[in-house]
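Down below is the structure, laid out as structure tokens.
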Amino acid sequence: MKVAQIEVFLHASKTGSITEAARKLNKSRTTVSASLSALEDDLGVKLLARTGNRIQLTDIGESIANDCTRLLQIANDIKRKCTLHIDGVESVVRIARDDALPETFWRDTLNRLKEKFPNTSISIYAATPPELENLVEQDAVDVAYGLLPTEYRIPRLLHFDLGQIRMMSVAHKDHPLSQLRKVTREDFARYTEIILAYIEDDNLKTDIPNSTNYIALAFYEYLSHAVLDGTGWSNVPALLINDHLRQGTIKVIKHNKAMSWQPYGEIVESESRRGLVIQWLSDRLEDYLLDVTD
């Protein structure tokens with residue numbers, strides 16, 4: 001039993017005609033008829049009943065038609081994956097990312113990614129920056145994108161700096177810190193700080209706070225919302241709050257370290273994991289970060 005014979009059988013059963021099946025497959029009528037006969041001989045059953053120029057499925061032909069469809073789909077998937085591998089294109093890519101970049105960017109990027117690599121299956125998981133290295137190291141994902149730590153906790157992983165993101169310490173315009181002409185460390189410690197929470201070693205941990213009074217949340221988006229609600233002050237990526245800064249809803253706190261740059265990049269286990277899809281995505285991120293920081 002050959003895959004090509006299964007394909008001929010399915011076309012013949014759908015069209016009800018050997019002539020029509022031959023036309024769709026761009027084969028001669030003799031070739032199609034011989035392929036069907038060979039399949040029946042191999043299986044030891046009659047799959048098609050012939051009446052003049054028309055054919056119809058026998059009972060056993062009817063019962064295996066769905067199985068043959070699945071078999072052909074699996075065979076085509078195998079061929080597709082092998083072709084992608086030969087071309088250096090990943091058939092499946094598992095991605096972890098933080099939310100330091102706007103969701104509109106990721107939505108547009110995902111759309112372009114599927115246009116560029118329509119046969120690649122993509123999974124994307126949102127995580128905090130401290131979790132990204134562990135996800136790659138545990139082989140839970142193939143690649144991670146996010147704010148890179150100043151000191152790599154897992155040095156054996158590859159870290160590629162794709163650009164810089166401006167981080168800002170901000171508060172709602174009506175927050176007491178926004179009213180001060182000069183903010184000290186003691187002022188920071190006096191008010192509720194909104195920081196990141198993350199999972200490490202099966203425990204819920206937090207970034208090192210500047211205040212003993214803090215609220216820890218899972219994503220920068222949540223931190224930004226807490227600032228907008230006046231719940232506290234926080235250090236967040238400027239790309240997520242630029243509109244609110246322009247509108248005057250939130251303000252940069254007047255402190256000499258209220259603004260800083262942090263590297264954003266790619267984390268992978270090895271160069272061998274960097275197929276064409278991951279390379280394209282990294283290039284796209286690098287171009288975007290260059291544009292927004294010009």
Side-chain angles (χ1 to χ4, degrees), residues 1-7 9-11 14 24-25 64-148 154 156-163 198-199 218-221 239 264-289:
M1 181 175 64
K2 299 179 180 179
V3 173
Q5 293 171 342
I6 295 295
E7 185 178 22
F9 165 67
L10 289 173
H11 274 81
K14 288 177 181 178
K24 287 184 175 295
L25 291 167
I64 70 168
N66 284 337
D67 293 328
C68 287
T69 299
R70 295 188 189 96
L71 181 61
L72 185 61
Q73 290 171 343
I74 293 171
N76 288 334
D77 285 343
I78 292 172
K79 290 180 181 178
R80 176 181 60 82
K81 288 179 180 179
C82 290
T83 300
L84 291 174
H85 176 75
I86 293 170
D87 294 339
V89 178
E90 306 94 319
S91 59
V92 177
V93 178
R94 303 166 301 162
I95 302 167
R97 67 167 180 87
D98 68 8
D99 69 330
L101 302 182
E103 286 300 314
T104 51
F105 164 78
W106 280 109
R107 288 170 57 189
D108 181 63
T109 296
L110 183 60
N111 184 48
R112 295 190 185 192
L113 187 61
K114 285 304 292 181
E115 289 179 353
K116 180 73 174 178
F117 304 100
N119 294 317
T120 297
S121 296
I122 302 165
S123 300
I124 300 180
Y125 177 75
T128 60
E131 295 173 291
L132 297 178
E133 284 186 312
N134 286 334
L135 289 170
V136 174
E137 194 270 338
Q138 295 165 6
D139 197 32
V141 298
D142 302 303
V143 62
Y145 295 100
L147 292 169
L148 298 176
I154 309 177
R156 72 175 188 82
L157 299 178
L158 299 181
H159 301 75
F160 297 93
D161 189 339
L162 302 177
Y198 60 93
I199 298 294
F219 296 106
Y220 284 119
E221 181 184 8
L239 292 170
Y264 186 98
E266 168 197 339
I267 305 172
V268 289
E269 185 177 22
S270 65
E271 279 284 1
S272 63
R273 304 298 286 269
R274 303 185 79 231
L276 293 181
V277 175
I278 290 177
Q279 291 178 37
W280 180 92
L281 184 53
S282 294
D283 289 342
R284 162 89 170 144
L285 283 159
E286 188 171 25
D287 291 344
Y288 172 78
L289 290 171

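Between A100 and Y264, the shortest heavy-atom distance links the atoms CB-CE1, 4.2 Å. When all heavy atoms are compared, the tightest approach of M1 to L71 is CE-CD2, 4.2 Å. Taking every heavy atom of both residues into account, L157 and H159 meet most closely at O-ND1, 3.1 Å. Minimum interatomic distance between V143 and V136 (heavy atoms only, all atoms of both residues): C-CG2, 4.2 Å.
With contacts defined as side-chain heavy-atom distances shorter than 4.5 Å, the pair R273/D139 qualifies. Counting heavy atoms from C-beta outward, L148 and L132 have side chains that stay 4.5 Å or more apart. Between L101 and L239 the shortest side-chain heavy-atom distance falls below 4.5 Å. Annotation: side chain of L72 is in contact with side chain of V3 (closest heavy-atom distance under 4.5 Å).
Scanning for side-chain contact (heavy atoms from CB on, under 4.5 Å) contacts around Y125 gives A127, L135, with sequence neighbours left out. In this view, R156 and E137, E269 satisfy the salt bridge (Lys or Arg N to Asp or Glu O under 4.0 Å) rule, not counting sequence neighbours. Partners of D99 under the salt bridge (Lys or Arg N to Asp or Glu O under 4.0 Å) rule, at least two apart in sequence or in another chain, do not exist in this structure. Not counting sequence neighbours, the partners of R274 by the salt bridge (Lys or Arg N to Asp or Glu O under 4.0 Å) test are E266, E271. R97 meets the salt bridge (Lys or Arg N to Asp or Glu O under 4.0 Å) test with E103; sequence neighbours excluded.
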The test is side-chain hydrogen bond (donor to acceptor under 3.5 Å, both in side chains); show your working for S282 and Q279 and say whether it passes. CA-CA 5 Å; S282 294; Q279 291 178 37; over 6 Å; no
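At a threshold of 4.0 Å, the pair R284-D287 does not count as salt-bridged, since none of the basic side-chain nitrogens sits closer than that to a carboxylate oxygen.
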Indicate every side-chain donor-acceptor pair of residues 116-123 with a distance under 3.5 Å to a residue at least two apart or in another chain.
from	atom 1	to	atom 2	distance (Å)
T120	OG1	E90	O	2.7

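Screening Y145, F105, W106 for a ring-ring contact (aromatic ring centres under 6.0 Å, His included) with Y288, the sole residue that qualifies is F105.
D142 places no side-chain N or O within 3.5 Å of a backbone atom of I95 that could act as its donor or acceptor partner.
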